[in-house]
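Contents: one structure, followed by commentary.
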Amino acid sequence: MNSQFKNSNLGFYLYALIIFAVAVVTILIFWFMLSGYRIGTYDEDTILGSVYLGGLHEEEVGAKVEQKYVEWLDDETIVFELTYQGYSYQFDRELFSFNVALSTYGMVEGQTNELIVEYQASGTDRQDTIDEILALPFLANVSDNIDIETLINDVLNDAGLMKTYSLKKVEDYLVDESASTEIISTVDIDLPDGVNAADVVDSIVAIYGDEYIDLESKMLFDIVDELGSLLNDSEMTILSTGMLKLSHDTNFSIHEVHPVTLIDFTVYTLDNYPNFGSNTKVNRIADNSFSFFNPNNSDYQIKVEDLGSGNLRLTLYGLSFVNTITTDLGPSSKQLIKYITVETPDDTKLQNGHDGMIVIVHKTITNLDDEIVSEQDVLFEFYPPIKEIILEPIG
């Protein structure tokens, strides 16, 4: 009977099943021995805020995260700030409330997770912060155009990652930047012979799609690089002169300028010369361009209009400046240089004398507290005198 059972197919399958079961049980035992200790722990690379949770048990998370965010709140080197045109507002991080329970509930293992951070639900901290921001004096011109809810939420998100530094630029949260755009200054220019206003405007439209020259944030604007493909040197010289005048009412910094040092006294006098403080030329053969830098976090535009009768109008548009910017082009900025008189026996070399001039453009920037934050000479122009040549007396 036993012999028949051993030799039967049923016996073979039964023994094989027993051996397989033993093998499975053995494998399971070894698996639990080797990795069973990890049951109830978080996977590697699991991070909540800035707290590494890999290998921690669930009951250890709360205390670990709380310890970390308390240290984060106490760290005075951490700065959360809002900036606009050089002014700043510091967020009070002590008002932030960390919801660890809700954060761990929706956490995804194996990656960085954001801690849920809010203002106290039962208090007025959030609204008080919003009211405080919107009442800031340096935001007076844009406060009604700020997406304040998105701004606050982004700050809380940064807190949820326990960042060591959070910088929010107001310019990035304007609902409609054009709604806060204003005319900064306007300049009208008389065109010389050979420069046609309509041609200049048409070339700008061909480059930009309209009659607005774009001055992007943090942009070094070089007129040859931007407009040289369609405008000639005379046309760019005219525009450069206008742009240099427009820059007087801004915090733009002049990078490259090449003034024309000789005044055509057959046309002008020192009293009516129009380009003092805005004298520049473009000459590509001599590699002379005109350039300036927009240091702001917002874009500006210069509209170029054909006024007819040989005139161009340049108008600078953008966010108004919080600081007061003044440029001194009065008598104190001009130094007269008297001409000298020489004699000659050659009556073909006689000429009239003309006084020269040194012109210094001085810019002062004053903040909301009437404190001077910047004061410097931004342009220097030298117009040499022309000597008078008279006939040498006979005898």
If we ignore angles and hydrogens, is there a donor and acceptor under 3.5 Å between the side chains of [X] and [Y]?
X: H248; Y: T327; result: no
X: D154; Y: Y173; result: yes
X: T269; Y: D271; result: no
X: D222; Y: S289; result: yes
X: N294; Y: N296; result: yes
X: T266; Y: D264; result: yes
X: D346; Y: T348; result: yes

Please verify the inter-ring angle class for W72 with F98; under 30° counts as parallel, over 60° as perpendicular, anything in between as tilted.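 Rings of W72 and F98: perpendicular, over 60°.
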[atom1]-[atom2] distance between [X] and [Y], expressed to the nearest 0.5 angstrom:
X: L161; Y: T112; atom1: CG; atom2: OG1; answer: 8.0 Å
X: E182; Y: L319; atom1: CD; atom2: CG; answer: 8.0 Å
X: I389; Y: I340; atom1: CD1; atom2: CD1; answer: 9.5 Å
X: E226; Y: F221; atom1: CD; atom2: CZ; answer: 5.5 Å
X: L307; Y: E305; atom1: CG; atom2: CD; answer: 6.5 Å
X: T280; Y: K245; atom1: OG1; atom2: NZ; answer: 13.0 Å

Partners meeting side-chain hydrogen bond (donor to acceptor under 3.5 Å, both in side chains) with [X] (sequence neighbours left out):
X: S166; answer: D158
X: N283; answer: none
X: Y89; answer: E132

Would the distance check show the side chain of [X] and the main-chain N or O of [Y] forming a donor-acceptor pair, the cut-off being under 3.5 Å?
X: Q351; Y: K387; result: yes
X: R93; Y: D74; result: no
X: D355; Y: L336; result: no
X: N367; Y: V373; result: no
X: Q127; Y: T124; result: no

For [X], is the [atom1] atom crowded, meaning more than 12 foreign heavy atoms sit under 6.0 Å from it?
X: K303; atom1: NZ; answer: yes
X: Q90; atom1: CD; answer: yes
X: D287; atom1: CG; answer: no

State which residue, out of D188, D306, T186, fulfils the side-chain hydrogen bond (donor to acceptor under 3.5 Å, both in side chains) condition with R313.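 Only one of D188, D306, T186 forms a side-chain hydrogen bond (donor to acceptor under 3.5 Å, both in side chains) with R313, namely D188.
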Cluster link M236 to M219, ILVMFWY, side chain under 4.5 Å: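 Yes, M236 connects to M219 through the hydrophobic network.
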With a 4.5 Å cut-off on side-chain heavy-atom distances among I, L, V, M, F, W and Y, is there a chain of contacts connecting L227 to F293?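 Different hydrophobic clusters.
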Side chain to side chain contact (heavy atoms under 4.5 Å, CB included) evaluation trace for F91 with I152: CA-CA 10 Å; F91 287 91; I152 294 297; 4.1 Å; yes
With [X], which residues qualify under side chain to side chain contact (heavy atoms under 4.5 Å, CB included), at least two apart?
X: T83; value: E81, S88, L167, K169
X: I325; value: N251, F321, K363, I365
X: L368; value: Y87, P137, F138, V322

Evaluate side chain to side chain contact (heavy atoms under 4.5 Å, CB included) for I78 paired with Y165, printing each intermediate quantity in order. CA-CA 6 Å; I78 296 175; Y165 181 62; over 6 Å; no
Of all heavy-atom pairs between [X] and [Y], which one has the smallest distance, and what is that distance?
X: D92; Y: F96; result: O-CE2, 4.2 Å
X: D233; Y: V282; result: CB-O, 3.4 Å
X: L270; Y: G356; result: CD1-O, 4.1 Å
X: V155; Y: F80; result: O-CE2, 3.6 Å

Counterpart residues, ring pair (Phe, Tyr, Trp, His ring centres under 6.0 Å), relative to H354 (two or more places apart):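 Ring pair (Phe, Tyr, Trp, His ring centres under 6.0 Å) check on H354 returns F265.
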List in chain and number order the residues that pass ring pair (Phe, Tyr, Trp, His ring centres under 6.0 Å) with F252, two or more places apart in sequence or in another chain; answer none if no residue qualifies.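 For F252 the ring pair (Phe, Tyr, Trp, His ring centres under 6.0 Å) partners, ignoring immediate neighbours, are F292, Y300.
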Run the side chain to side chain contact (heavy atoms under 4.5 Å, CB included) check on L314 and I189 step by step: do they pass? CA-CA 8 Å; L314 274 63; I189 304 175; 4.2 Å; yes
I would like to know whether K281 and S240 meet side chain to side chain contact (heavy atoms under 4.5 Å, CB included); could you show each step before the answer? CA-CA 7 Å; K281 66 179 178 182; S240 297; over 6 Å; no
Output a table of donor-acceptor pairs, distance under 3.5 Å, between side-chain atoms of residues 377-386 and any protein atom two or more places apart or on a different chain; print 'none' if there are none.
from, atom 1, to, atom 2, distance (Å)
D377, OD1, H362, ND1, 2.7
E381, OE1, G277, N, 3.0
E381, OE1, Y383, OH, 2.7
E381, OE2, G277, N, 3.2
E381, OE2, S278, N, 3.4
E381, OE2, N279, N, 3.2
Y383, OH, N279, ND2, 2.9

Under 3.5 Å donor-acceptor pairs involving side-chain atoms of residues 197-216, not counting sequence neighbours:
from, atom 1, to, atom 2, distance (Å)
S203, OG, D199, O, 3.0
D210, OD1, Y212, N, 3.0
D214, OD1, Q301, NE2, 2.9

Only one of I184, T241, I302 forms a side-chain contact (heavy atoms from CB on, under 4.5 Å) with L246, so which one is it?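 Answer to the side-chain contact (heavy atoms from CB on, under 4.5 Å) test with L246 among I184, T241, I302: I302.
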My understanding is that only residues two or more places apart in sequence, or in another chain, count here; which of them pass salt bridge (charged side-chain N to carboxylate O under 4.0 Å, His left out) with K218?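 For K218, no residue satisfies salt bridge (charged side-chain N to carboxylate O under 4.0 Å, His left out) once neighbours in sequence are set aside.
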Are the charged groups of R126 and E149 less than 4.0 angstrom apart, N to O?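 Yes, R126 and E149 are salt-bridged.
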List, one per line, each side-chain donor-acceptor pair under 3.5 Å for residues 140-147, sequence neighbours excluded.
from, atom 1, to, atom 2, distance (Å)
N141, ND2, S320, OG, 3.0
N145, OD1, D176, N, 3.2
N145, ND2, D176, O, 2.6
N145, ND2, S180, OG, 2.9
D147, OD1, T150, N, 3.4
D147, OD1, T150, OG1, 3.1
D147, OD2, T150, OG1, 2.7

